[in-house]
Each structure stands twice: as C-alpha cells, then as structure tokens.
Amino acid sequence: MSAGRFSDFDHECMARALELARRALYTTDPNPRVGCVLAHDSLIIAEGFHARAGDPHAERNALATAGEHARGATAYVTLEPCSHTGRTGPCADALIEAGVARVVAAMEDPNPQVAGTGLQRLRDAGIQVDTGLQEADARALNPGFVLRMSQGRPLIRIKAAASLDGRTAMASGESQWITGPEAREDVQRLRARSSAIVTGIGTVLADRPSYTVRPEQWRHGEYADGPVRAPLRVILDPALRTPVDSPVVTADGPCLIAHADDPGAAPEERRRALEHAGAELLALPRARAASDPAEPGAATRAERRGLDLHALTAELTRRECNEVLVECGATLAGAFVREALFDELIVYLAPTLLGADARGLLDLPFERMDQQIRLQWSDLRRVGDDLRLTLTRP
C-alpha cells in the first residue's frame, strides 16, 4: 500500500505509536526507539514501547496487554518487527503467533540482521503488510541508529554556546555563563539522548566539567521511568594530562581517555593512576599531517597534532554509539568540521556581546572564500532568552 492510500485512522494510530516511541528517547540506547499500537475496527486496544535494551520490545509489550484480543488486529509499528534473536526473541514471530491480521510498519529496519526479513516473514505467514506510513518521522526518531546501521558510523552533533558576535569565551578562558538556564537545561536533553560525549583536554583543564546528565531537572511523566543511561564520556588527551581528580573522570558513568599511540605518550604511572580512578584508556593514532613533512617546522607541528578523529569515530561505532555529542573548545570543534565529521552544528546564541578579543566559535584557519563551508538551516527556535540554531551539512 502506498503512503498516500492509508486511512485517517491508520495515520492516527501511527502517530500514537511514534508518540509512544518518543517516551524512550533517553533510555533505549543502543537500541532504536520503537512504539507499537494494536487496533481493532477503528478502536485502539493496546499499545507499548521499548523502554531499554534487554527489556521486551514494543510489539511484545502491546501483545501482552492485548492478550487474546490481538487475534485479527492490526499492529502499527514505527520500525520493522525484528526477525533475529538478540536479547529478546523475534517480534515478527510473536505477531504471527498472536494471530494479527495486518502489520503497518513506518520503515524497514536498516539493521542488516533484519533488513526486510521481518516483513517477509510476516507476509509468508499470510499477514497483510503495509510500509512507509509516516516514514520520515520514524527515521527522525532514530537518526543515529539509522546512520550506524546503514553507513557504519554514528550521528555526530557539535554543540556550542556563543555570544551574538560569535564568541564562546573571554580571552582568559572564562565562559560561565554565556547562555541562560533554559538553554543549559536543553543541553541536558542533548546529553541524555547521546551515546557518548566527546571533549578535549583543553576544556577538561580549563573548565573541569563533569558532563553528567541530570534528568531530575527536566524529565517528567512523558518519558520512560527509570534511570537515564549515562553516556560514555570521551576525553581526547594526546599526552595524557587529565588530572585523576577531574569531575569528568570521577563522576558516575563510564569515562574513556584517548591518548596518542606515540612511544612515551602514556607513561605507565599516569596510566595506572587514571585507570585506578575509573577511566578506561585507548591509544589512537595522530591526525594526518596537513603539510609536507619536509617543510621547516613540520616535525614540531606533527607533535602538536591532535588525534585521528576518523579512528575515534570507528571506535565509537564499534561500541554501538548511535548519537555522539561533541562539547569542546574551538580547536577540537574546528577539527571535526574540517574533517567533515559532523552531521549537525547546534549553536545556542545569547543576546550578548563579548568583544573582538574573546575566543571564536570554531578554529578554521581559512584564507580564501573558496574554503568556506556552507551549511543548511535545519531548525531555529527560542530557548529562554537565547536562540538555538541547528544546521546540517548538505
């Protein structure tokens, strides 16, 4: 059935399924957010959503509520029912056993382990299967999962807070606070939906951030109960200078410190101290040289190069990270932009001016107009007294 031929009730049920899936926006990682509605004769009889990895999937929760009434019903699911056994059994089989007559899936699962096989299993069992209803909304609900499964990488967001003249800190490094409390609360939501938060050693030393998630400040009954999974905190620290008492290391939740794989870059004493403090260490290669190694001063510049962000991205993909939030200074943020390793740039713009001597938004040492990077507007909204600007790469 084409998307244009779905009934008003079909649209209503899928909209409700998407609403249910959003309740797990901060809890399902690394699994996708999925909602399910069961209906009989223009009447919703049961609904469910997947709350967290290891818990029953959306379809099974809805079927458990419906019981015998599921027989002959239509199931509206925001993502193709799975056909493989992971932490739970195949949902396609559960729908078949329950005797549903029709399944409407918003989109096919991009996971290669599923990728249409769940829908085919339903068809083979004689169940009517229709797809594509509100597919754009379903994809927008799981952008990182879709990217990781289809392109082998997570979705990367760079977040920054800036003044109206594009400054993120005073020349001294002082930066608290440029934006208001509503914007900082909104950042908590970005962190909570992220699999990992990436920062640099400069920010760790200057600001002593913890990068924790405090959902009690904003989460209410519209979201799933239970703890929000703490995102992996990642520090890019080539020379392993992170203090063992840094809040980003000692706070609850996992912390990964990536250092250069140069000989001597990670002294054993420093390694032991940081690991004893609870951090995990990871050796990464240096970023590729941007200049001819034979040029005068090239060796010194090579020593100062940061870490290979492509290698970092591959590691985060291996760790099943769906959405990655980059919160850092202008140098590291600029490196992500120069390497085209970002999908969204989110800037919280405050109605204040910090002056020409303050630090800029991104370190992009461009000299010509043809080096500029054009972005596309995705969203603009007011958050308290500030503006939240969301831009994407073309």
Side-chain angles (χ1 to χ4, degrees), residues 26-27 29 156-162 168-170 172-219 226-260 265-267 269-284 306-307 309 312 315-316 319 321 323-333 335-336 346 348 350 359:
Y26 309 113
T27 59
D29 197 79
I156 299 178
R157 295 184 176 95
I158 300 174
K159 166 262 167 185
T168 60
M170 303 307 293
S172 64
E174 181 185 359
S175 62
Q176 295 182 341
W177 297 100
I178 295 175
T179 55
E182 294 87 355
R184 298 197 295 273
E185 181 179 301
D186 198 59
V187 171
Q188 286 285 317
R189 295 185 178 91
L190 283 179
R191 290 179 182 175
R193 67 176 292 165
S194 300
S195 309
I197 300 171
V198 176
T199 193
I201 182 59
T203 299
V204 169
L205 294 175
D207 298 341
R208 292 181 59 82
S210 63
Y211 293 121
T212 54
V213 176
R214 297 178 291 276
E216 68 278 1
Q217 296 180 4
W218 48 264
R219 195 175 68 164
V228 170
R229 178 180 176 181
L232 174 68
R233 301 186 298 275
V234 182
I235 306 169
L236 300 190
D237 182 7
L240 213 58
R241 296 186 292 146
T242 302
V244 294
D245 63 348
S246 295
V248 70
V249 174
T250 60
D252 290 340
C255 176
L256 175 68
I257 303 177
H259 61 85
E269 183 179 350
R270 293 288 302 150
R271 291 180 58 92
R272 286 199 303 268
L274 286 166
E275 288 174 341
H276 181 72
E280 178 187 356
L281 302 187
L282 171 70
L284 290 179
L307 300 177
L309 298 182
L312 172 68
E315 175 64 20
L316 295 178
R319 292 171 180 253
C321 291
E323 301 177 26
V324 174
L325 182 63
V326 178
E327 291 196 61
C328 58
T331 300
L332 181 55
F336 271 96
I346 300 177
Y348 292 89
R359 299 182 182 183

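- Applying the side chain to side chain donor-acceptor pair (under 3.5 Å) criterion to R270, with sequence neighbours excluded, gives no partner residue.
- Minimum interatomic distance between R184 and T179 (heavy atoms only, all atoms of both residues): NH1-O, 2.6 Å.
- Counting all heavy atoms, side chain and backbone alike, Y348 lies closest to V187 at CE1-CG2, 3.6 Å.
- Scanning all heavy atoms of the two residues, the minimum distance from V198 to L312 falls at CG1-CD2, 4.2 Å.
- Among all heavy-atom pairs drawn from T212 and R191, the shortest one is O-NH1, 3.3 Å.
- Counting heavy atoms from C-beta outward, Q188 and V213 have side chains that approach closer than 4.5 Å.
- Of the possible donor and acceptor atoms, one in the side chain of T199 sits under 3.5 Å from a partner among the backbone N and O of E327.
- Listed by chain and number, the residues in a side-chain contact (heavy atoms from CB on, under 4.5 Å) with A265 are A260, D262 (sequence neighbours excluded).
- No side-chain heavy atom of E315 sits less than 4.5 Å from a side-chain heavy atom of V234.
- Atom CG in D29 sits 8.5 Å away from atom OG in S194 (nearest 0.5 Å).
- Note: T203 OG1 to I235 CD1 = 10.5 Å, rounded to the nearest 0.5 Å.
- Within the 3.5 Å criterion, the main-chain N or O of P247 finds no donor-acceptor partner in the side chain of S210.
- Listed for the R233 side chain is no donor-acceptor partner under 3.5 Å among the backbone atoms of Y211.
- Heavy-atom minimum distance, D252 versus A230: O-CB, 4.5 Å.
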Steps toward side chain to side chain contact (heavy atoms under 4.5 Å, CB included) verdict (V248, I197):
CA-CA 11 Å; V248 70; I197 300 171; over 6 Å; no
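- T168 and A161 get closest at one heavy-atom pair: CG2-O, 3.4 Å.
- Between L281 atom CG and L256 atom CG the span is 8.0 Å, to the nearest 0.5 Å.
- For the atom pair CG of L282 and NE2 of H259, the computed distance is 7.0 Å after rounding to the nearest 0.5 Å.
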Which is it for S195 and L316 under the side chain to side chain contact (heavy atoms under 4.5 Å, CB included) test, yes or no, and what are the steps along the way?
CA-CA 9 Å; S195 309; L316 295 178; over 6 Å; no
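- Separation of atoms CD1 (I201) and CG (L332) is listed at 11.5 Å; rounding is to 0.5 Å.
- In this structure, E185 CD and L190 CG are separated by 12.0 Å, a value rounded to the nearest 0.5 Å.
- Looking at L236 and L309, their side chains come closer than 4.5 Å, going by heavy atoms from C-beta outward.
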Name each donor-acceptor pair under 3.5 Å that joins a side chain in residues 237-245 to protein atoms two or more places apart or in another chain, with its distance.
unit_1	atom_1	unit_2	atom_2	d
D237	OD1	L240	N	3.1
D237	OD1	R241	N	2.9
D237	OD2	R241	N	2.6
D237	OD2	T242	N	2.8
D237	OD2	T242	OG1	2.7

